[in-house]
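Structure record follows, encoded as structure tokens.
We number each residue from 1, following the sequence as shown.
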Amino acid sequence: MHRVDEIGVEKLPDRGDAAADAHVLALGGGEGPRQRTHSAGLDAVAGALAAGTLPMFVSTAAWLLSNKLNYAWLWADLDLLSETDRSLIRRYVPHTVALTADQLDRALAEQADLVAKPAGGSAGHGVLIGREMSAVAWEDGVRAAIDAGGNILQRYHGADRVAVDFVQIETGETVTAEVPYSLAPYLFGRTGSGTLARVGYPGCEGVLNLARGVLMTGILLTD
């Protein structure tokens, strides 16, 4: 599998328009529509999608659901939901609001209990953890996020820790360390259907994300 900007194309002379001429040899999945370097492969994908000749299991429109402003809207409309849904949100979704100018005073007063992040971001880019920053750096970051727009403010939840064995590649020595982890349950019809575990490493940062080197795995529950 290859990234979209790394795939090759070959011309198919029996096709008419330019968009249909490019044949995609390989396409990597599992990523959202981030900005990519322009390439013939990317043009081929865009053209095939527009022509309806390349089916996609999940439409790119579904990417809108990954925008974290959805969390803010859930909390804003909490009173409109059933008690079952309210309980679900309170349990699994950190309190979230859109980070706008009217939230500045609260953000500064509750720095140690808040996190600011881009609503459409990923991989931990642009995340500000209040308790890990000086008051000056936090205020500067929050003000910049407000000016830029498209950011959210969330209640901080510290990760639990678990003892994990790590092997030193150079020496083969096994080292046990208490590292942070988080569990992300998959819910279908409010029923748990598997869980994604993110496990940190000795000295890792506060953001548990694959792009920052954390380990991702499923979990096995035993009696």
Would you call [X] and [Y] a side-chain contact if the rule is heavy atoms closer than 4.5 Å?
X	Y	answer
Arg131	Asp113	yes
Pro180	Leu208	yes
Trp138	Leu128	yes
Arg106	Leu153	yes

I'd like to know if [Y] and [X] are part of one continuous hydrophobic network [Ile/Leu/Val/Met/Phe/Trp/Tyr, side-chain heavy atoms within less than 4.5 Å].
X	Y	answer
Tyr201	Leu215	yes
Val142	Met133	yes
Val164	Leu183	yes
Tyr71	Leu81	yes
Val115	Val207	yes

With rounding to the nearest 0.5 angstrom, report the [atom1] to [atom2] distance, [X] to [Y].
X	Y	atom1	atom2	answer
Arg90	Asp85	CZ	CG	11.0 Å
Glu132	Gln111	CD	CD	11.0 Å
Leu74	Leu88	CG	CG	9.5 Å
Ile89	Leu78	CD1	CG	5.5 Å
Phe166	Thr174	CZ	OG1	11.5 Å
Ile152	Leu114	CD1	CG	11.5 Å

If you look at every heavy atom in [X] and [Y], which pair is closest and at what distance?
X	Y	value
Gly200	Val179	O-CG2, 3.6 Å
Pro202	Ala177	CG-CB, 3.7 Å
Ile146	Ala101	CG2-N, 3.7 Å
Thr176	Ala163	CG2-CB, 4.1 Å

Tell me, with the steps shown, if Tyr186 and Leu196 meet side-chain contact (heavy atoms from CB on, under 4.5 Å).
CA-CA 8 Å; Tyr186 295 106; Leu196 173 67; 3.7 Å; yes
Sub-3.5 Å donor-acceptor pair from the side chain of [X] to the main-chain atoms of [Y], do we have one?
X	Y	result
Asn151	Gly149	yes
Asn67	Gly150	no
Arg161	Glu178	yes

Salt bridge flag under 4.0 Å for residues Asp79 and Arg86:
no
